[in-house]
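Please read these numbers as outputs of a predicted model, since none were measured by experiment.
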Amino acid sequence: MDCPRIAVFHLVRQQNNISLFKNFIQSYLRFESGSDHQLIIIFKGFSEPSEIEAYTELLVNIPHIKFEVSDQGFDITAYDKASRHFFGQYDYYCFLNSHSIILASEWLGKLVTEIEKPNVGMVGATGSYQSHRGSARFFLIILSALQFSLFSLFKNELSFRAKLLEIKSISQHLMFLTHFTQFPNPHLRTNGFLIRPRDMVNSLRNKIKTKKDAYIYESGKSGLSNYIVNQGLKLVVVGQNGKGYNVDEWKNSQVYVDREQENLLISDNMTRRYAQKNNEERQNLKNMCWSPVALYIKPHHWRKVIRAKHNERMIKEQQRALMEYNNEKREVIIYGAGELGDFFQNWIQINTKSLTISAFIDARLRGNRDGIPILPPSSLEKTMTIDIILISSKAYYDEIYRTLIDAGVPSQKII
C-alpha cells in the first residue's frame with residue numbers, strides 16, 4: 001500500500017520572535033518524523049520579502065513549500081486558507097502552531113498509525129474535557145446573570161452608562177457560553193493534530209472573526225471536535241509512547257496537564273505554562289481541564305467577567321504602545337509580578353522582537369521568574385536607565401503611575 005500523502009503545516013507569524021521558529025526547526029531536525037510528508041511553512045503577516053530572509057536561511061537544507069497569508073484573523077484563519085489552497089493534493093493535514101516543539105521520534109508516524117484505525121476521525125497531541133461554561137446547569141447560570149444584572153442596576157455608585165456597560169458585558173458573555181456544552185466537553189486542542197482535508201474544510205463553516213470564535217471552533221458545539229464526533233467518528237490523543245488514547249483515557253494519559261506531562265508528543269505554550277507553575281497553580285489548571293467546576297453561578301464570577309472586559313481594553317492599549325517599540329532594542333521593567341505580569345512576560349517574549357525584560361518590580365513577591373529578578377519598589381532608583389516601565393496592575397494602575405512620576409520617571413517611559 002502506498003504511503004499516505006501528508007502535508008505538515010507550520011505557522012510562522014511576523015509579529016513573533018524568530019526564536020520560536022528556531023526552537024521548532026531544531027526539534028524538527030532532531031527527531032525523525034516516521035512518515036514521509038511535505039513541510040509547508042505558512043508565513044502569516046509578512047509584508048516584505050526581506051522579512052522572511054532570516055527564516056528561509058534556517059530552512060536552506062530543509063525541503064519545504066512557502067505559503068504566505070495576510071495577518072488577518074487568527075491561527076485557524078491561516079489554517080483555513082492553507083486547507084483550501086492545497087485541497088486535493090494530500091490525504092492528511094497536520095497543523096503545528098508557532099509555539100510547537102516536537103518531543104519524540106516517529107512523532108508523525110505515531111499520529112498516522114492512529115488515524116488509520118477504524119472509525120477514527122481525528123488525532124492530536126493534546127485533548128481536554130474543559131468547557132468554557134463549566135459544569136453548572138445553564139438555567140442556574142442564566143438565573144445568576146439576571147440577579148447580578150439587577151444588582152448592577154441598583155448600584156448607586158455607578159453612572160447609568162456604567163450600569164448599561166456592565167449589563168452589556170454580562171449579556172455578551174452569556175451568549176458566548178451558549179456555544180458550549182456542559183462539562184465534560186471532550187475536544188482535541190487545535191495544535192499538533194492530524195485530520196483529513198475534507199473534514200478540515202467542511203468543519204470551517206463559520207468565519208473566525210474574534211478570539212471567541214476561535215474558542216468556539218476548538219471546543220464549541222459547532223466546532224471541529226464535535227463535527228468529527230457527529231459523524232460517528234472518534235477523537236484520539238496520541239502519546240509520546242505511540243499509544244492512542246480514547247476520550248475516557250485522556251485524563252490519566254500523562255499527556256496534557258497531568259503530572260509531569262511525560263507522555264507529551266508535541267509541546268506548545270500551554271503545556272510549557274503548566275510545566276512552569278507551582279503545585280497549587282498546576283492543580284487549578286488540572287481542575288479546569290479534568291474536573292467539574294461550577295462557573296458563573298455566584299456574583300464574584302460575573303464581577304470577574306466585568307473586570308476582564310475592562311482589563312481587556314486597557315491591555316490592548318498597552319500592547320499597542322509596546323508594539324510601537326517593536327523594531328527598536330529597548331529594555332523593559334514590568335511593575336507587578338502577579339498574574340498580569342506573567343501574562344505580559346509571555347506576551348512580550350512571544351510577540352516582540354527587540355524588547356528585553358530586565359526585571360520585575362513588586363511590593364510583595366521576591367526572587368526571580370525564569371531568571372528575571374523580582375525587585376522591591378525601593379530598587380526603582382537603580383532602574384532609571386531603563387527605556388520602558390510597564391504597569392501590570394489594573395487595580396493599582398493610577399497609584400503606581402503616581403509613584404513612578406513622584407520618583408522622577410518621565411511619563412513617556414510609562415505604559
Are Val201 and Arg84 side-chain neighbours, meaning at least one heavy-atom pair lies under 4.5 Å? yes
Should Ile18 and Leu58 count as side-chain neighbours, where that means a heavy-atom distance under 4.5 Å? yes
Within-4.5 Å side-chain heavy-atom neighbours: Ile361 and Ile389: no
Taking C-beta and beyond as the side chain, do Ile266 and Ile101 meet within less than 4.5 Å on heavy atoms? no
Hey, are Asn185 and Thr181 close enough side-chain-wise for a donor-acceptor pair under 3.5 Å? yes
What I want to find out is whether Lys117 reaches Glu114 closely enough, with some N-O distance under 4.0 Å, to be called a salt bridge. yes
Going by atom types alone, do Ser83 and Asp80 pair a side-chain donor with an acceptor below 3.5 Å? no
Got a salt bridge between Lys413 and Asp387, using NZ or NE/NH1/NH2 to carboxylate O under 4.0 Å? no
Residues which pass side-chain contact (heavy atoms from CB on, under 4.5 Å) with Gln254, listed by chain and number, not counting sequence neighbours: Asp258, Arg259, Glu262, Asn263
Quick check: do Phe151 and Glu166 have side-chain heavy atoms less than 4.5 Å from each other? no
Can you find a heavy atom in the side chain of Thr352 that is under 4.5 Å from one in the side chain of Trp347? yes
Regarding Tyr217 and Ser203, is there a side-chain donor-to-acceptor distance under 3.5 Å anywhere? yes
Heavy-atom check, side chain of Lys243 versus side chain of Glu249, under 4.5 Å: yes
Regarding Asp268 and Asn191, is there a side-chain donor-to-acceptor distance under 3.5 Å anywhere? yes
Side-chain contact test, heavy atoms from C-beta onward, threshold under 4.5 Å: evaluate it for Tyr256 versus Gln261 and give yes or no. yes
Shortest non-hydrogen contact between Gln72 and Thr77, atoms and distance: O-CG2, 3.7 Å
Quick check on Arg272: does its CZ atom have over 12 non-hydrogen neighbours (other residues, nucleotides or ligands) under 6.0 Å away? yes
Would you tell me whether Gln283 and Asn287 have side-chain atoms, one donor and one acceptor, within less than 3.5 Å of each other? yes
For atom CG of Asp248, decide whether the heavy atoms of other residues, nucleotides or ligands shown that lie under 6.0 angstrom number more than 12. yes
Got a sec: does the CD of Glu32 have more than 12 other heavy atoms crowding it under 6.0 Å? no
Report the residue from His37, His64, His10 that forms a ring pair (Phe, Tyr, Trp, His ring centres under 6.0 Å) with Tyr28. His37
Positive for side chain to side chain contact (heavy atoms under 4.5 Å, CB included) with Val257, one of Arg273, Lys277, Lys286: Lys286
Do other residues, nucleotides or ligands put more than 12 heavy atoms under 6.0 Å from Tyr215 OH? no
Report, as yes or no, whether the 6.0 Å neighbourhood of atom CD on Gln412 holds more than 12 heavy atoms from other residues, nucleotides or ligands. yes
Ring centers of Phe67, Phe86 separated by less than 6.0 Å: yes
Going by the angle between their ring planes, with limits at 30° and 60°, are Tyr296 and Trp302 parallel, tilted or perpendicular? tilted
Crowded around Lys221 NZ? As in, over 12 foreign heavy atoms under 6.0 Å? yes
On the 0 to 90° scale, with breaks at 30° and 60°, tag the Phe95-Phe9 ring pair as parallel, tilted or perpendicular. parallel
